[in-house]
Amino acid sequence: MFILIAAKMFTTGRIIFASFFVIAFLALMIFSYKKDAKNNKKYYQNGALYVAIGIITVIALLFLSKFLIKG
């Protein structure tokens, strides 16, 4: 069904352009990620841990503020 809708909305040239754009974009993203993977391991060793702690802290502060406001 999606293909029928896409066929009505987009011309063949637009579909081809979008396909090439997505393929090129993904290829460049993968290439860039692999190139920077070594530096990411070196400089961002505990990055996911810090992000998780930050998210948990924000959620805890939201619940605390909700509790204090309803009091």
Side-chain angles (χ1 to χ4, degrees):
M1 178 160 171
F2 177 73
I3 295 174
L4 294 174
I5 294 170
K8 291 179 183 178
M9 290 176 53
F10 301 111
T11 62
T12 306
R14 286 183 180 174
I15 293 172
I16 292 171
F17 173 77
S19 301
F20 281 128
F21 181 83
V22 168
I23 291 169
F25 182 78
L26 288 175
L28 287 172
M29 290 296 291
I30 291 169
F31 173 74
S32 296
Y33 176 77
K34 287 187 177 189
K35 184 178 172 186
D36 289 338
K38 297 173 196 166
N39 290 335
N40 290 342
K41 288 180 185 175
K42 181 179 177 184
Y43 293 111
Y44 303 110
Q45 293 175 355
N46 296 325
L49 179 64
Y50 295 140
V51 170
I53 290 171
I55 290 171
I56 291 170
T57 303
V58 168
I59 292 172
L61 288 172
L62 287 172
F63 278 112
L64 180 66
S65 66
K66 180 180 176 184
F67 175 73
L68 291 175
I69 289 173
K70 280 193 170 185

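Under a 4.5 Å side-chain heavy-atom cut-off, the cluster of Ile, Leu, Val, Met, Phe, Trp and Tyr residues that includes Ile16 is completed by Phe20.
Here the shortest heavy-atom pairing between Met9 and Arg14 reads O-NH1, 4.2 Å.
Within the model, atoms CZ of Phe21 and CG of Leu26 stand 9.5 Å from one another, a figure rounded to the nearest 0.5 Å. Interatomic distance, CD1 of Ile23 versus CG of Leu28, reported as 12.0 Å (0.5 Å rounding). Rounding to the nearest 0.5 Å places OH of Tyr50 at 15.5 Å from CD1 of Ile55. Note that CD1 of Ile59 is 13.5 Å distant from CG of Leu64, once rounded to the nearest 0.5 Å.
Panel note: side chain Ser65, backbone Leu62; a donor-acceptor pair is recorded below 3.5 Å.
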